[in-house]
Number of protein chains: 2
Amino acid sequence: MLKHKHDHDACIENALEAAQKICEERETRFTPLRRRVLELVWSKHEPITAYEVLDLLSDGKKRVAPPTVYRALDFLIEEGFVHRIESLNSFVGCSDPAHKHQGHFMICTKCSNVTEMNERSLHDVIKKAAESNGYSYENSILEIAGICENCRN
Amino acid sequence: MLKHKHDHDACIENALEAAQKICEERETRFTPLRRRVLELVWSKHEPITAYEVLDLLSDGKKRVAPPTVYRALDFLIEEGFVHRIESLNSFVGCSDPAHKHQGHFMICTKCSNVTEMNERSLHDVIKKAAESNGYSYENSILEIAGICENCRN
DNA sequence: AGTGCCTTGATATTCTATAACAATCAGGGC
DNA sequence: GCCCTGATTGTTATAGAATATCAAGGCACT
Ligand SMILES: [Zn+2]
Ligand SMILES: [Zn+2]
Ligand SMILES: [Zn+2]
Ligand SMILES: [Zn+2]
């Protein structure tokens, strides 16, 4: 999971292939633009802002406009390939795109690395807390700030 | 806790007095501007944006500038009188300013009412989850979207 | 009065996101 | 092929949220 411990090119490739396959199943359109934006989101392997994506997308002559990026991101989020990190106004690739879900994250305040937690038990606790306070549960964002194992050593 | 069930003027008054007292204890300055901004945040009793505060603050002739509002909000957040709701770019008065803490919220998607949960157990579960994933815990934001009891009836 | 520090004012700018409308592209029926 | 339709992308403009920077004012201490 940690950046220096994996082959990141393969990591990106996997994410793209998974997305491709899921879109075929759902009959949604994984267009070149959407594919490219997903690739750029994964390329950083840290939360990336929409405008960073925009800059990367605009190499050379033609500069793309914000709606182009935001629309692609909207699609990717809708399909569950990307999550938005509210506290950073940033986006990050989902580690488990096959199952639609709301992501819960830990964010390292030193290295900005983000880890997605897909823990059923935590999800259940949050849902229960809402219900015990009289709310029906729709979804939740959880973003924990802390320092990752690497950075503490 | 629900809007229609309490005397909201008293609610505001309590918040202002509590803040005043806490600032005296801490020897921080609860200036007229900061007091007024806190009053405006409470006045809505729903998340309020910085620019809404700005508009309310600018009654009549002189229009205040954004930094005036943001600086006051920064102070109020720092002191723990106000929380920021990340998913709404909004601010809300804290229900328990005496004890500094990170707020955990439920947000009604129908009426926009927000309820602050100060549940030790939930906080502990979140902290544990972070630690079991190798992160030290600094703080966390939890914002649950759902429908409140009122709106379901 | 003079100094230093905190607070507020004022101007400009940056960063984030969306509205509105035009152009293009893909697929289905003819 | 050609038209129709809906989805996608391009383009321009604008809205919304937050900060950088420097000037002015207020307060406490000497
Ligand atoms: Zn995910
Ligand atoms: Zn780290
Ligand atoms: Zn609180
Ligand atoms: Zn409600």
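Just so it is clear, the values below take in all heavy atoms, side chains as well, and ignore hydrogens, waters and symmetry mates.
- A distance of 9.0 Å separates SG of B:C108 from CZ of B:R152, quoted to the nearest 0.5 Å.
- B:K21 contributes no side-chain N or O that, together with a main-chain N or O of B:E24, makes up a donor-acceptor pair within less than 3.5 Å.
- Applying the side chain to side chain donor-acceptor pair (under 3.5 Å) definition to pairs two or more places apart or across chains, those involving residues 26-36 of chain B are B:Q20-B:R35, B:R26-B:E79, B:R36-B:E39.
- In this structure, the ring pair (Phe, Tyr, Trp, His ring centres under 6.0 Å) partners of B:H83, at least two apart in sequence or on a different chain, are B:H101, B:F105.
- A:E143 and A:S87 share a donor-acceptor pair across their side chains, judged by distance under 3.5 Å alone.
- Taking hydrophobic clusters as Ile, Leu, Val, Met, Phe, Trp and Tyr residues chained together by side-chain heavy-atom distances below 4.5 Å, B:I85 does not share a cluster with B:V41.
- Cluster partners of B:I147: none. The rule joins Ile, Leu, Val, Met, Phe, Trp and Tyr whenever side-chain heavy atoms lie under 4.5 Å apart, and it links nothing here.
- Near DNA chain D, meaning a heavy atom under 4.0 Å away, the residues from residues 73-92 of chain B are B:R84, B:N89.
- Residues passing the side-chain hydrogen bond (donor to acceptor under 3.5 Å, both in side chains) test with A:S58, sequence neighbours excluded: none.
- Clustering of Ile, Leu, Val, Met, Phe, Trp and Tyr by side-chain heavy atoms under 4.5 Å joins A:I126 with A:M106, A:M117, A:L122, A:V125, A:Y135, A:Y137, A:L142, A:I144, B:M106, B:M117, B:L122, B:V125, B:I126, B:Y135, B:Y137, B:L142, B:I144.
- The outermost nucleotides of DNA chain C lying under 4.0 Å from heavy atoms of chain A, listed 5' to 3', are C:dT16 to C:dA26.
- Contacts with DNA chain D (heavy atom under 4.0 Å) in residues 62-69 of chain B: B:P66, B:P67, listed by number.
- For DNA chain D, none of the residues of residues 48-57 of chain A falls under the heavy-atom distance limit of 4.0 Å.
- Of the N and O atoms on the side chains of A:S140 and A:H104, at least one donor lies less than 3.5 Å from an acceptor on the other residue.
- With hydrogens and angles disregarded, no donor-acceptor distance shorter than 3.5 Å links the side chain of A:K127 to the backbone of A:A130.
- For the atom pair CD (A:E149) and CG (A:N113), the distance works out to 12.0 Å, reported to the nearest 0.5 Å.
- Of the N and O atoms on the side chains of B:E46 and B:S112, not one donor lies less than 3.5 Å from an acceptor on the other residue.
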Q | Nucleic acid footprint by protein, nucleotides 22-30 of chain D - heavy-atom cut-off 4.0 Å, B for base, S for sugar-phosphate alone | A | ---------
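- A:D55 pairs by the side-chain hydrogen bond (donor to acceptor under 3.5 Å, both in side chains) definition with A:R63, not counting sequence neighbours.
- For residues 64-78 of chain B, there are no side chain to side chain donor-acceptor pair (under 3.5 Å) pairs, not counting sequence neighbours.
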